[in-house]
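Accompanying notes for the structure given below.
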Amino acid sequence: MARNIGSRYTAHQILGRGSAGTVWLGEGPEGPVAIKLLREDLASDQELVGRFVQERTALLGLDHPHVVAVRDLVVDGNDLALVMTLVRGTDLRTRLDRERRLAPEAAVAIIADVADGLAAAHKAQVVHRDVKPENILLDMEGPIGPGGAHPALLTDFGVAKLIDTPRRTKATKIIGTPDYLAPEIVEGLPPRAAVDIYALATVLYELLAGFTPFGGGHPGAVLRRHVTETVVPLPGIPEELWQLLVQCLAKAPASRLRASELAVRLRDLLPLLAGIPPLEVDEPDAEESDPQLPAYDEQQYTPAADEPRRRGAVPLVPGSAPDSNRDTHTSMRVPAPDELAGGPLGTARAPRAPGRPRPGSARNKAAAVRKRRITLGVAALALCAAVAVGGWLATGGGDGDPAPQDSENSAPATP
């Protein structure tokens, strides 16, 4: 059913739903467009509407081949919408769900495109704040690049910033997707351009490995790993690519590359990656929940029992459910220093060879506990047996007769 969005646009068909709103296929004066219509309760928030209008100039000024352009912002009654260029393709998460991991050449080509888009945004003083596969679109109508990769475009600029109003989040809260949050955000520092580099490097690691370097388990545990653990090497990739990943995943923001530098370095590596197949590593086991770790907001969405659980798959806005568009934000309190304290930097959960548990995993720990219990049980049985045999010997074999004297050591009998 068609509906008018402002006076210039008509929304015809729903393309996807997210926790912040609904994306429609629409029509405008210049042809087809994508319209992100924010939820009505957001549109009724006058503070958010004010920020929406304030961000208009910055968002409309982002014009780059690897950024999904925001062409208009509509504030009309209960309608609050971003009108964007229509990209005919799919998002990177959908491709990952289908293929699990990509060949290094294709992965690097995609990330280089996104780094180019981020470089333009950062030059315009715009920080994305929510770089993740769901917000990277692949243009299936564009030219095929290295490794068979389609052109990649970054979308949803400004959405996290618009939603992150003082009334919705306090200074003690974090908004973001746990797997991709830079350490400085976890520690409560303001997001700068370097947070996008960290998130983009996390996406690259995920494209190569099939899982994120610090993800898995309770979101609070994920946040703590970002601060206290170092990333584990991936087998099978050139050392030059690995060192680039390590630099962009550095804990200190100043140690990371700028987006423009990252794009150049990645493209320089493409010839070295040609023909390398996707890596063969299994995802580390998820860790158990820790009741001492930061909890979700009380209004946080709880998935149904039969709903598949994605890492960090919780909504941007409390009270709404994630869906096909997978807006995977969460609002969490900033962990206290003692919760982040883990002594010296440890090593993140290591990838393991296919079919084998990783050292230190929950499965390995359980096996070690079982082995220890069995060993203790056997030792206890052996001790009991030794005590029983000693008692049997002490009573002369158990028949009530006194034990025989040793002929060499016994005193001679009295006549």
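Scanning all heavy atoms of the two residues, the minimum distance from Ile185 to Pro191 falls at CD1-CB, 4.3 Å. Heavy atoms only, all atoms of each residue included: Met84 and Arg71 are closest at C-CD, 4.0 Å. The nearest pair of heavy atoms linking Leu86 to Pro32 is CD2-CB, 3.9 Å. Nearest heavy-atom pair across Val33 and Gly28 is CG2-N, 4.3 Å. Here the closest non-hydrogen pair linking His226 and Pro178 is NE2-O, 2.8 Å. Nearest heavy atom pair, residue Ala182 against residue Tyr198, reads CA-CD2, 3.4 Å.
Ile5 contributes atom CD1, which lies 7.0 Å from atom CH2 of Trp24 (distance to the nearest 0.5 angstrom). Taking CG from Leu272 and CD from Glu105, the interatomic distance works out to 10.5 Å, rounded to the nearest 0.5 Å. Rounding to the nearest 0.5 angstrom, the gap separating the CG atom in Asp116 from the CG atom in Leu262 is 9.0 Å. Remark: Glu27 CD to Arg8 CZ distance equals 12.5 Å, nearest 0.5 Å. Distance check: Thr212 OG1 to Leu204 CG gives 13.0 Å after rounding to the nearest 0.5 Å. Distance CG/Leu244 to CG/Leu249: 9.5 Å, rounded to 0.5 Å.
Using cut-offs of 30° and 60° for the angle between ring planes, the Phe211 and Tyr205 rings count as perpendicular.
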**Study point:** Arg265 vs Gln247, side chain to side chain contact (heavy atoms under 4.5 Å, CB included): CA-CA, chis, key distance, verdict
**Key:** CA-CA 12 Å; Arg265 295 273 297 275; Gln247 184 173 1; 4.1 Å; yes
Review point. After noting the C-alpha distance and the side-chain angles of Leu92 and Leu207, does the key distance pass the side chain to side chain contact (heavy atoms under 4.5 Å, CB included) rule?
Key: CA-CA 9 Å; Leu92 187 55; Leu207 295 183; 3.8 Å; yes
**Study point:** Trace of the side chain to side chain contact (heavy atoms under 4.5 Å, CB included) decision for Leu200 with Ile111
**Key:** CA-CA 7 Å; Leu200 187 58; Ile111 298 303; 3.6 Å; yes
Review point. So Leu245 and Val231, side chain to side chain contact (heavy atoms under 4.5 Å, CB included) or not? Walk me through it.
Key: CA-CA 9 Å; Leu245 265 173; Val231 65; over 6 Å; no
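Listed for the Lys251 side chain is no donor-acceptor partner under 3.5 Å among the backbone atoms of Thr228. Within the 3.5 Å criterion, the main-chain N or O of Val281 finds a donor-acceptor partner in the side chain of Arg101. Put simply, the side chain of Arg256 gets close to the backbone of Ala250: a donor and an acceptor are under 3.5 Å apart. At distances below 3.5 Å, not a single donor-acceptor pair connects side-chain atoms of Asp130 with backbone N or O atoms of Asp156. Here the side chain of Asp139 pairs no donor or acceptor atom with the backbone of Pro151 at under 3.5 angstrom. Looking at His12, its side chain never comes within 3.5 Å of a backbone N or O of Ala2 through a donor-acceptor pair. Judged by distance alone, the side chain of Asp196 and the main-chain N or O of Arg129 form a donor-acceptor pair under 3.5 Å.
Under the 3.5 Å distance criterion, with hydrogens and angles disregarded, a donor-acceptor pair is assigned to the side chains of Asp91 and Thr94.
Between Arg192 and Glu184 there is no salt bridge, since no side-chain nitrogen of the basic residue lies less than 4.0 Å from a carboxylate oxygen of the acidic one. A salt bridge links Arg267 with Asp113: the distance from a Lys NZ or Arg NE/NH1/NH2 to an Asp or Glu carboxylate oxygen falls below 4.0 Å. Comment: Lys132 does not engage Asp179 in a salt bridge, judged by the lack of any side-chain N to carboxylate O separation of less than 4.0 angstrom.
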